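Structure first, commentary second.
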Amino acid sequence: MQEKVELTAEKKSSCWIWLGCVLMVIAAALHSADKNIGGGDTWVAMACGRYYTAGNWAKQYEDRTIQMKVLDVFGIHMSQNEPFSNKSRNFIKGDEHKVGWINQNWLTHVIFYKMFKTWGGNSIVYFKFIQAILTALFAYWAARKFGAHALISAIMVSFGVLLSRSYIDLRPNITTILFASMMIYLLACWAKGQPKKLLWMFPITIIWCNVHGGFIYAVIIFAAMAGMYALRFIFTDFMTSFFMPDKEQWKYFFIAFGSILFASVVFSPYGLENLTHPFLVMLGNEGDIWRNVSEWRSIYFDFNKPQGHPRSFGNVGCYIVFLGLWAVSFVLWVLHMMAAKTKPDPFAKKKNKQKVENKPVFQINLGWVAIMLLTVYISIQSRRFVFLGGLVLAPFVALMIQDIIDIRIAKGGRVLEEIIGEKHLAIIAIPYLAAVVLFSIFVAAMNDIYFKPSVFGWDYSKYYSYLADEPMKKFADTDHSMFWHMVGIKDQPVQAMRFVNDNNIRGTVMGEWTGGGFIPYGQTPGADGRPGLRAFMDGRAQAAYEVEHFQLWQKLRNPDVVAGKYGDYLQMLNNAGIEVAVLKIAIPDSRKIFEKLMNTQKWKMMYIDGDWVVIVHKDSTANKDIIEMPEDQIIWHNKEAAKMTLAINNCALSSAAFKLKGIDIALSMEDYEPMASRYLASAARLLKAQKQIDDQKYQQVIQYFLDQRSKYLKLIEENPRLGKIQNNLNLCDICGKLGNLTGDNKYAAEAELYLENFKALRQEFGKGGLLW
């Protein structure tokens, strides 16, 4: 009777530990997904989802697959012909190099757009949180299935998901990591006596191969495992210390492998090319070139770059620490297991506490080795897979640590469960304490990022009036929408695209890599479902474009590398067929392009709002009407942008009369814009040198900057948080202009002070580590 009571108490203790560990993993997953990373891919998804569901434009295209025609029944209309660019890869049936647009994320695009249209953008944010939680839980369950203790499993998985914090954004790859985590769990079940569970890979792959191209990871993993087990089979006499699946396990392994291949071909609208295209990209010479894209660069790319060089996507510091932990665990695990004679069972129910039950001689599972080595390799090669590496490797690190502990403890005749049982109250407290801490950090981060005034000075309300037009009116009433913050709406040309749309600007556009998705979404589609302004290049990369086109885009984005003067670069733009440029002027390369185009008579700036600029080639026949249109007939939704555009255009002209007109317009601007002020100060100084401006007007210019200086000093004094970073940057710019206009060195010293403040604040708030 007493023995039964002890077992019941032990069971309750285990349940409490289990619950605490689950809460710890969930809290870690929540915090990992709360960062506002932004992402142009979200807007690509919106544009594609709208295109696929708005009307059956695809019927005009021939050679559609049977699967595409079946989707017509469900109101989803697809083809391999790309709608958003004039420069994308052509589709020629039977030509493996002319496969058109292989949009392996199409289902996520439809889901995102339907959710956005029906429930608002926050529904996509909740969807992201749910997927992050499920991903972490499946990784935790996989570690438990491997045999790792609940606490070890929870700690490793929490570390794995938290280190991925700067990679979890609103894009389809989140679903890939979820399915990869589920796959590891099913493989653990398969190896631990439940082989039939591996058959779940068939329905998983049906969804996986349509929501994201990362399904190819499952194909590679199964192939690598089969190859490693083949080595064990060939060298059976020399590899007795290694695990070999039995007949039952082999049967379900190959059924699952075959079902993955079958589902990825038959249930995809792209058929066989859905399976072959990723291999062509990975194994061909193109792979190294595509890895020049920021998010695909290696994790060690940033370390050999000089200070000030643009860094790549995401924070890899924590992942490098995690890889170090994995490497040490892996080496110790192999050494211990090769030397171990027996392996205790930590889950054995022992009535006699002094008796230790042993399993047969331990065998290293070469399949697990294959998964680990392959995952480490691809995550080092491309930082986009850091999230994958953290979640897939975490269960294996927990497994290895558990095995090492078991072997070390077994020498003393005791098992881990027995030792933990002696201090169960202290052990139970650990995961609950960690869960409370992580959840508190999550709440604080959410409040700081989404509900407190922005330290960067971002005003999200200015984006709503446009986006509320369709289909978000009922969801755009508050600037506390997590979706606007999390999707990085501030980095998209929202107002610029409204100007483009209102004035019907058309042609091929050079845009930003991350702004390429919003360019089609921000326009009203034509009768054929396509927008009038079409991207020259965007973030869809290898899915839609030839590698040679990407290389040309790289050259066009770096005008300094083009030999010769302006004419050579302009000729390259002409040869590329670019008629419009929509540029974010805060990006150094974009600013250089803007300056080159402003220094020629061949291009005309049509719009600038302080963040984005729209410039049109004067010879563009598609835009002839707006180029020749009088200024008072152009449609302006933003009066300050109108003033800024007219001020810069007039100040940039050589005529003193136009410069004076530009100065008057600039002085009437309510909001300070560094770009407009730059032209204002430059025009005033030039006219002063030429004695074509009177002292009163010149003093008005100086007084304007003095007033702006007082305004931003007051803002910093009244609210040290609201716009703190941008306010210091503006003060630096204002004092610089005052120094140039007055010749007073005190303003130069002030400018240096505000610049240092800006750099310090930017570094403090711009980190992407485990916290925020």
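Scope of the values below: all heavy atoms of this structure, side chains included, with no hydrogens, waters or symmetry mates. By convention here, the first residue in the shown sequence is residue 1. Keep in mind the model is a prediction, meaning the values are calculated, not measured.
- Counting heavy atoms from C-beta on, the side chains of F483 and I489 never come closer than 4.5 Å.
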Decide side chain to side chain contact (heavy atoms under 4.5 Å, CB included) for R721 and V455; before the verdict, give the C-alpha distance in whole Å, the side-chain angles of both, and the deciding distance to 0.1 Å. CA-CA 5 Å; R721 179 182 175 86; V455 294; 3.5 Å; yes
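- Put simply, the side chain of N501 never gets that close to the backbone of M497: no donor and acceptor are under 3.5 Å apart.
- Taking every heavy atom of both residues into account, M598 and N649 meet most closely at CE-OD1, 4.3 Å.
- The pair E750-R709 meets the salt-bridge criterion, with a side-chain N (NZ, NE, NH1 or NH2) lying under 4.0 Å from an Asp/Glu carboxylate O.
- Atom-to-atom distance recorded for M482:CE and M446:CE is 4.5 Å, nearest 0.5 angstrom.
- Under a 4.0 Å N-O distance rule, the pair E512/R557 qualifies as a salt bridge.
- A donor atom on one side chain and an acceptor atom on the other are found under 3.5 Å apart for D538 and Y545.
- For S655, the side chain to side chain contact (heavy atoms under 4.5 Å, CB included) partners two or more places apart in sequence, or in a different chain, are A657, F658.
- Relative to the six-membered ring of W101, R89 misses at least one condition, a distance below 6.0 Å or an angle of at most 45° to the axis.
- In this structure, F594 and I615 approach most closely via the heavy-atom pair CD1-CD1, 3.5 Å.
- Judged as a salt bridge (Lys or Arg N to Asp or Glu O under 4.0 Å), the pairs with a partner in residues 646-672 (not counting sequence neighbours) are, in order, D664-K697.
- At least one side-chain heavy atom of I593 sits under 4.5 Å from a side-chain heavy atom of Y569.
- By the ring-ring contact (aromatic ring centres under 6.0 Å, His included) test, F550 is found to be paired with W290, W513, residues two or more places apart in sequence or in another chain being considered.
- Between the K624 side chain and the D619 main chain, no donor and acceptor come within less than 3.5 Å of each other.
- Of the candidates F456, F451, Y450, Y450 is the only one forming a ring pair (Phe, Tyr, Trp, His ring centres under 6.0 Å) with H485.
- Side chain of R383 to backbone of S298: a donor-acceptor contact under 3.5 angstrom is found.
- Using modelled atom types, no side-chain atom of Y704 and backbone atom of S677 make a donor-acceptor pair closer than 3.5 Å.
- Shown here are the salt bridge (Lys or Arg N to Asp or Glu O under 4.0 Å) partners of R678, two or more places apart in sequence or in another chain: E595.
- With a 6.0 Å radius and a threshold of 12 heavy atoms from other residues, nucleotides or ligands, Q633 has its CD atom above the threshold.
- A search for ring-ring contact (aromatic ring centres under 6.0 Å, His included) contacts involving F536 returns H549, not counting sequence neighbours.
- Listed for the Q492 side chain is a donor-acceptor partner under 3.5 Å among the backbone atoms of T514.
- Residue pairs meeting the ring-ring contact (aromatic ring centres under 6.0 Å, His included) criterion with at least one member in residues 610-633, sequence neighbours excluded, are W603-H617.
- When all heavy atoms of S88 and E82 are compared, the pair lying nearest together is OG-OE1, 3.0 Å.
- Not counting sequence neighbours, Y754 has no partner by the ring-ring contact (aromatic ring centres under 6.0 Å, His included) test.
- Between E673 and G610 the shortest heavy-atom distance is OE1-CA, 3.3 Å.
- Taking 4.5 Å as the limit, every side-chain heavy atom of P493 sits out of range of all side-chain heavy atoms of F499.
- A751 and C732 get closest at one heavy-atom pair: O-SG, 3.3 Å.
- Looking at D169 and V487, their side chains never come closer than 4.5 Å, going by heavy atoms from C-beta outward.
- With sequence neighbours left out, the ring-ring contact (aromatic ring centres under 6.0 Å, His included) criterion links F84 to Y51.
- Among residues two or more places apart in sequence or in another chain, the side chain to side chain contact (heavy atoms under 4.5 Å, CB included) test is passed with P674 by Y672, N730, D733.
- One finds the CD atom of Q601 at 7.5 Å from the CG atom of L653 (value rounded to the nearest 0.5 Å).
- Atom CD1 of I693 and atom CD of Q699 lie 10.0 Å apart (nearest 0.5 Å).
- The closest donor-acceptor contact from the side chain of R171 to the backbone of T42 lies at 3.5 Å or more, if one exists at all.
- Considering only heavy atoms from C-beta on, N503 comes within 4.5 Å of I634 through its side chain.
- Counting only heavy atoms from C-beta outward, the side chains of I505 and V580 approach each other to under 4.5 Å.
- Rounded to the nearest 0.5 Å, atoms CD1 (I635) and CZ (R498) are 10.0 Å apart.
- Listed by chain and number, the residues in a salt bridge (Lys or Arg N to Asp or Glu O under 4.0 Å) with E579 amount to none (sequence neighbours excluded).
- Between the CE atom in M572 and the CG atom in N574 there is a gap of 11.0 Å [rounded to 0.5 Å].
- Under the 4.5 Å side-chain criterion, counting only non-hydrogen atoms from C-beta, K714 is not in contact with K711.
- R50 contributes a side-chain N or O that, together with a main-chain N or O of Y521, makes up a donor-acceptor pair within less than 3.5 Å.
- Not one N or O on the side chain of N122 forms a donor-acceptor pair closer than 3.5 Å with the backbone of V125.
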Test D609 against M644 for side chain to side chain contact (heavy atoms under 4.5 Å, CB included), laying out the working first. CA-CA 7 Å; D609 61 17; M644 186 175 179; 5.6 Å; no
Salt bridge (charged side-chain N to carboxylate O under 4.0 Å, His left out) assessment of K688 paired with D695: CA-CA 8 Å; K688 179 74 171 176; D695 290 339; 3.0 Å; yes
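- Without hydrogens or angle criteria, Q523 side chain to L533 main chain gives a donor-acceptor distance under 3.5 Å.
- Using a distance-only test at 3.5 Å, with no hydrogens or angles considered, no donor-acceptor pair links the side chain of K724 to the main chain of I716.
- Evaluation of the side chain to side chain contact (heavy atoms under 4.5 Å, CB included) rule for L722 yields P453, N719 as partners, not counting sequence neighbours.
- Under 3.5 Å, the side chains of Q571 and N575 contain a donor-acceptor pair of N or O atoms.
- For the pair K452/N447, a side-chain contact is recorded, criterion being any heavy-atom separation below 4.5 Å from C-beta on.
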Give the C-alpha distance, both sets of side-chain angles, the deciding distance and a yes or no for side chain to side chain contact (heavy atoms under 4.5 Å, CB included) between Y167 and V316. CA-CA 10 Å; Y167 294 88; V316 300; 3.1 Å; yes
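- Between H637 and Y607, the ring planes lie parallel to each other; the angle is under 30°, not in the 30° to 60° tilted range.
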Side chain to side chain contact (heavy atoms under 4.5 Å, CB included) between L761 and N728: does it pass, once the steps are laid out? CA-CA 9 Å; L761 290 166; N728 273 279; 3.7 Å; yes
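- Under the rule for a salt bridge (Lys or Arg N to Asp or Glu O under 4.0 Å), R506 has no partner lying at least two apart in sequence or in another chain.
- Closest approach of L552 to A576, counting heavy atoms only: CD2-CB, 4.4 Å.
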